[in-house]
Amino acid sequence: MSEKEVILTQEGLKKLEEELEHLKSVKRREVAERIKVAIGYGDISENSEYEDAKNEQAFIEGRILTLEKMLRNARIINNEDVNTDTVSVGSIVTLKDLEFGDIVEYNIVGTAESDPFQNKISNESPVGKAILGKVKGASVDVNVPAGVIQYEIIDIKK
């Protein structure tokens, strides 16, 4: 069974690498020190500090494994590879809501980088799926839980 490809921009790759390095070099050491201090309190069977530190250690180790797997399966999208003729991962797309006239700009990224609060949406999100491969001026219907939203693609840039 093949592992799922993780699509990343250069910026996304850098963030994941920095997070992995921080977890390995800083957080592991901090948690190890917390465990050592908690063991010093005596009986670990009823020691909440020890239990909490061990849980954090398990979370950190799990996140390290996840990040390593993501980086191993990464496909990097370079800005030079982004075509402004059609929407693709790496595109910055300006959309107009045809019902309300609202204009919104989204950066299309892989799922590992998506952050709706920064207008970075996944290529696998409803809007991302609907606009991938479309051209400037195209109208698209996006199926959302509340119904269907119609957008017009106003602009595509890098």
Side-chain angles (χ1 to χ4, degrees), residues 1-41 44 47-97 102-136 140 142 144-145 149 151 153-158:
M1 185 171 169
S2 66
E3 293 181 342
K4 184 179 178 192
E5 178 179 68
V6 178
I7 301 171
L8 295 170
T9 61
Q10 284 295 118
E11 177 186 348
L13 174 66
K14 185 177 181 226
K15 281 184 177 179
L16 291 181
E17 288 174 337
E18 287 171 356
E19 180 184 356
L20 180 60
E21 182 58 32
H22 178 74
L23 289 173
K24 284 182 165 183
S25 63
V26 176
K27 294 301 281 182
R28 264 184 177 164
R29 224 177 278 131
E30 287 175 358
V31 172
E33 185 59 32
R34 282 184 57 206
I35 290 171
K36 185 174 148 186
V37 168
I39 288 173
Y41 292 146
I44 61 173
N47 186 329
S48 63
E49 288 88 0
Y50 176 79
E51 195 66 35
D52 184 48
K54 289 299 283 182
N55 287 336
E56 185 178 0
Q57 181 185 43
F59 174 80
I60 288 170
E61 294 304 321
R63 182 65 180 157
I64 287 171
L65 289 174
T66 299
L67 289 171
E68 288 175 339
K69 182 178 176 183
M70 290 169 75
L71 292 170
R72 195 172 42 249
N73 297 308
R75 178 168 61 97
I76 310 307
I77 303 296
N78 291 312
N79 207 27
E80 303 84 49
D81 299 338
V82 177
N83 181 347
T84 56
D85 295 333
T86 60
V87 178
S88 63
V89 175
S91 296
I92 298 171
V93 184
T94 306
L95 301 173
K96 179 180 182 181
D97 183 320
D102 297 336
I103 306 264
V104 67
E105 186 174 87
Y106 290 121
N107 187 350
I108 309 302
V109 296
T111 54
E113 286 182 75
S114 66
D115 184 351
F117 296 112
Q118 293 186 352
N119 285 359
K120 292 182 177 186
I121 62 168
S122 164
N123 60 319
E124 296 179 15
S125 70
V127 174
K129 278 183 188 176
I131 64 176
L132 275 181
K134 301 292 192 279
V135 296
K136 185 176 174 179
V140 294
V142 180
V144 294
I149 300 174
Y151 287 113
I153 299 174
I154 304 293
D155 194 22
I156 303 168
K157 58 187 176 188
K158 292 183 183 189

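Just so you know, residue 1 is the first one in the sequence shown, and it goes up from there.
Here the side chains of K96 and D102 are not in contact, with every heavy-atom distance at 4.5 Å or above. Counting heavy atoms from C-beta outward, I7 and I77 have side chains that approach closer than 4.5 Å. In this structure, the side chains of D52 and R34 come closer than 4.5 Å at one or more pairs of heavy atoms. For the pair E113/K15, no side-chain contact is recorded, criterion being any heavy-atom separation below 4.5 Å from C-beta on. Residues Y106 and I92 have side chains not in contact (no heavy-atom distance under 4.5 Å, counting atoms from C-beta outward). Put simply, the side chain of I156 does not reach to within 4.5 Å of the side chain of T86, judged on heavy atoms. Residues V31 and I60 form a side-chain contact, since some pair of their non-hydrogen atoms from C-beta on lies under 4.5 Å apart. Annotation: side chain of I154 is not in contact with side chain of K136 (no heavy-atom distance under 4.5 Å).
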- Evaluate the criterion side-chain contact (heavy atoms from CB on, under 4.5 Å) for residue pair E56 and K27; output intermediate values, then yes/no. CA-CA 9 Å; E56 185 178 0; K27 294 301 281 182; 3.6 Å; yes

- Please step through salt bridge (charged side-chain N to carboxylate O under 4.0 Å, His left out) for the pair E68 and K24, ending with a clear verdict. CA-CA 11 Å; E68 288 175 339; K24 284 182 165 183; 2.9 Å; yes

- Task: Apply the test salt bridge (charged side-chain N to carboxylate O under 4.0 Å, His left out) to residues R28 and E61: give CA-CA distance (whole Å), side-chain angles for both, the deciding distance (0.1 Å), then the verdict.
- Result: CA-CA 8 Å; R28 264 184 177 164; E61 294 304 321; 2.9 Å; yes

- Would you check, one step at a time, whether the test side-chain contact (heavy atoms from CB on, under 4.5 Å) holds for N123 with V109? CA-CA 6 Å; N123 60 319; V109 296; over 6 Å; no

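Atoms CG and OG1, on L71 and T66 in that order, are 11.0 Å from each other to the nearest 0.5 Å. Atom CD of Q118 and atom CG of N107 lie 10.0 Å apart (nearest 0.5 Å). The CZ atom of R75 sits 13.5 Å away from atom CG of L13, with the distance rounded to the nearest 0.5 Å. The OG atom of S88 sits 7.5 Å away from the CG atom of L132 when rounded to the nearest 0.5 Å. Here the CD-CD1 distance, from E21 to I64, works out to 10.0 Å after rounding to the nearest 0.5 Å.
Considering every non-hydrogen atom in both L95 and I131, the closest pair reads CD2-CG2, 4.2 Å. In this structure, A74 and L8 approach most closely via the heavy-atom pair CB-CD1, 3.8 Å. Closest heavy-atom contact between I121 and G128: CD1-N, 3.9 Å. Contact detail for M70 and A112: the closest heavy-atom pair is CE-CB, 3.1 Å. In terms of heavy atoms, L16 sits closest to L67 at CD2-CD2, 3.6 Å. Across all their heavy atoms, V89 and V82 have their closest contact at O-CG2, 3.9 Å.
The side-chain contact (heavy atoms from CB on, under 4.5 Å) check on S122 picks up T111, S114, E124, S125, with sequence neighbours excluded. For K54, the side-chain hydrogen bond (donor to acceptor under 3.5 Å, both in side chains) partners at least two apart in sequence or on another chain are Q57. For R72, there are no side-chain hydrogen bond (donor to acceptor under 3.5 Å, both in side chains) partners at least two apart in sequence or on another chain.
Using a 4.0 Å cut-off between charged nitrogen and carboxylate oxygen, E33 and R29 do not count as a salt-bridge pair. Taking the charged nitrogens against the carboxylate oxygens, E19 and R63 do have a contact shorter than 4.0 Å, which makes a salt bridge. Using a cut-off of 4.0 Å between Lys/Arg side-chain N and Asp/Glu carboxylate O, K14 and E18 are scored as salt-bridged.
Judged by distance alone, the side chain of D97 and the main-chain N or O of I149 form no donor-acceptor pair under 3.5 Å. The backbone N or O of E80 sits nowhere less than 3.5 Å from a side-chain atom of N78 that would complete a donor-acceptor pair. A donor-acceptor contact shorter than 3.5 Å links the side chain of N73 to the backbone of K69.
Annotation: K120, atom NZ; neighbour count of heavy atoms from other residues, nucleotides and ligands within 6.0 Å is above 12. In K158, the NZ atom is crowded: over 12 heavy atoms of neighbouring residues, nucleotides or ligands sit closer than 6.0 Å.
The side chain to side chain contact (heavy atoms under 4.5 Å, CB included) test with V93 is passed by exactly one of V104, I153, N119, V127: I153.
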